[in-house]
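First up is the structure itself, then whatever we jot down about it.
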Amino acid sequence: MIEVKGLHKSFGDAHILKGIDTFFEKGKTSLVIGQSGSGKTVFIKCLLGLFSYEKGTISYDGKIFSELSEDQKRDLRAEIGMVFQGSALFDSMTIQENVMFPLQMFTKMSKSEMEDRADFVLKRVNLDDAHYKMPSEASGGMQKRVAIARAIVNNPKYLFCDEPNSGLDPKTAIVIDNLIQEITDEYNIVTVINSHDMNSVMEIGEKIVFLQYGLKEWEGSKDTIFKTDNKAVTDFVYSSELFKKVRKMYLEEKQ
Amino acid sequence: MIVFFTLAVTKLNMTYINNIGLYFLMIKEMFRKPTKWSVMKGLILKDIDDLVIGSLGIVAFISFFVGGVITIQTALNITNPLIPRYLVGFATRQSVILEFAPTFTSIIMAGKVGSFITSSIGTMRVTEQIDALEVMGINSLNYLVFPKTVAMMLYPFAIAIGMFLGILGGMAACVYGGYTTLEDYITGVQMDFDGFHMTYSFLKTFVFAFILATIPSFHGYYMKGGALEVGKASTTSFVWTSVVIILLNYILTDMLLG
């Protein structure tokens, strides 16, 4: 479990995170949502230790991140998989080499064992025939799937995804969402997704944290988000006519 | 106005001091938590190919022709018949070994190798590839900068080739331009040879090689922004690498030969 207590983060005079308290559980797909500039990316980068923070604690299964030494932090990070918004694949490596990279760095596997494992995860993300392509030759959806394959290849305990659906068509976005949820269930890992894709919220949001102006405005799940009367959440989630209708239908059905 | 000016200068100085501190911290961090040798070996070989072997062509080309130009300029400026013609060979050898090959070539390399290093690391920063390394628990400075620094330790070999070709270029200019005889040129090249000049020259080259690997890496690694800033970082890196090479050249020359 990842537990966050009283997290504060500022950049100069700009107070971005103003005391966030929340937790993310194993085997659940958790989404952090909010408008652009609400502090989602800063929050996820603080969780990953890419940004330092002024106040508060972040603990991974009881280990407080800020109290770990640099080497301990790096050991912990070896248990983290991350899917970046722009995929962040290594340009100079093929897709297979990208996926094998964490294995090369952290395991004593032989080359053939690494190739087998890379084959397995690439199949898992439905990429059977892209092993020798360079990242620049792959489409946006393929790159995202490679990034997911790279993130899970070393059996991480924690999976973070920063806007995994950005720039993807709706069909591919659903494939990516379902893939992340399946992986979370299958490997029983803590998954935290940073998103403002409302389809993802409705589809896979087993836990949803809504941030606004650096504060945790609301917390719930894909079921409770339909029922909430929190104005900030309803204004954000049901801003489109389509989602307003979906919500109306859902509430009428429940009555 | 004076207060404003003083504050601006103080702020600028603080930025420089901060950057110098950050540079030395980068050097320290580069040696911590080393990458697995099986991976590092491949990175070093790739960087030797990119940075040293990839630069041999331009080093050879420039050295040969600049050697020729030094010879022509020296020969044309010796107008007094009392000055022996073999001085052309002597002057070419001294210029090439002491300054041209180690210093002038290094400044050219600050443009070629330095820009390559800054833009490749800077692009990795912009596209979050460095963040990806960090999140995986990899010491990104060791992974990115250390192999470049080790690879650049072979840079003196390129300079040795540059020295040879510079002197050879001078000889070609003499013979084909008719500025002096081949015998005179060779006599001049062999005259009063001091082995310590080679030691001095290679010592400088090792220092410049370290600078050529680390200053451009610093500018790439700590850059902020997007594609435009990668270009700006490459330019800044070239300027600072050249400035540091010239300053260190002065200091080392004064220390070793002064």
Side-chain angles (χ1 to χ4, degrees), chain A residues 11 41 44-45 47-51 60 68-93 97-111 114 135-136 143 146-147 150-154 156-163, chain B residues 11 15 18 25-26 28-51 54 116-117 119-144 146-148 151 220-222 224-227 230:
Chain A
F11 290 104
T41 301
I44 211 162
K45 289 199 170 179
L47 291 184
L48 289 162
L50 292 174
F51 286 158
Y60 283 79
L68 300 177
S69 67
E70 277 305 308
D71 288 345
Q72 285 172 323
K73 281 179 188 171
R74 288 202 173 109
D75 291 340
L76 175 67
R77 280 170 177 157
E79 297 179 338
I80 293 175
M82 171 78 191
V83 178
F84 284 87
Q85 192 173 353
S87 300
L89 300 176
F90 302 119
D91 301 328
S92 56
M93 299 179 192
E97 286 166 346
N98 262 287
V99 175
M100 280 163 52
F101 184 76
L103 301 176
Q104 280 180 323
M105 300 303 290
F106 299 110
T107 69
K108 288 178 179 170
M109 283 183 180
S110 67
K111 194 163 182 261
M114 283 191 272
S136 57
Q143 287 187 12
V146 177
R150 185 178 69 182
I152 62 167
V153 73
N154 208 13
K157 284 164 81 174
Y158 317 96
L159 177 66
F160 292 88
C161 307
D162 189 12
E163 313 246 359
Chain B
K11 197 179 173 194
T15 310
N18 186 44
L25 286 174
M26 180 194 86
K28 185 185 151 207
E29 187 67 16
M30 185 172 92
F31 294 101
R32 287 190 66 244
K33 189 141 188 188
T35 305
K36 272 168 81 174
W37 174 242
S38 57
V39 177
M40 182 55 79
K41 195 171 58 182
L43 294 172
I44 292 171
L45 290 174
K46 189 180 176 298
D47 282 333
I48 289 172
D49 189 33
D50 285 342
L51 306 178
F116 172 76
I117 292 175
S119 56
S120 58
I121 296 180
T123 305
M124 287 185 77
R125 170 64 75 198
V126 171
T127 55
E128 296 181 309
Q129 291 175 51
I130 293 179
D131 287 344
L133 287 170
E134 286 291 323
V135 168
M136 284 179 205
I138 295 162
N139 178 356
S140 57
L141 281 169
N142 180 267
Y143 183 83
L144 294 171
F146 184 75
K148 289 175 176 52
Y221 191 85
Y222 292 105
K224 289 188 177 90
V230 174

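Letters A, B, ... are given to chains in the order of the sequence lines, protein chains preceding strands, and every chain is numbered from 1.
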Next item on the list: Give me the contact list for residues 132-140 of chain B versus chain A, heavy atoms only, anything under 4.5 Å, ordered by residue number.
Entry: Ala132(B), Leu133(B), Glu134(B), Val135(B), Met136(B), Gly137(B), Ile138(B), Asn139(B)
Next item on the list: Pick one of side chain, backbone, both or neither for Phe101(A), based on which atoms fall under 4.5 Å of a heavy atom in chain B.
Entry: side chain
Note to self: Applying side chain to side chain contact (heavy atoms under 4.5 Å, CB included), can you list everything that pairs with Ser136(A), at least two apart in sequence or on another chain?
What the structure shows: Met134(A)
Note to self: Which residues pass the salt bridge (charged side-chain N to carboxylate O under 4.0 Å, His left out) test with Glu128(B), not counting sequence neighbours?
What the structure shows: Lys45(A)
Item checked: Smallest separation among heavy atoms of Asp91(A) and Gln129(B), with atom names -> OD2-NE2, 3.0 Å
Could you list the donor-acceptor pairs under 3.5 angstrom formed by side chains in residues 75-83 of chain A, with sequence neighbours left out?
from     : atom 1 : to       : atom 2 : distance (Å)
Asp75(A) : OD1    : Lys33(B) : NZ     : 3.1
Arg77(A) : NE     : Leu48(A) : O      : 3.2
Arg77(A) : NH2    : Leu48(A) : O      : 3.3
Arg77(A) : NH2    : Gly49(A) : O      : 2.9

Next item on the list: Output yes when a side-chain donor or acceptor of Lys36(B) lies under 3.5 Å from a complementary backbone atom of Lys108(A), and no otherwise.
Entry: no
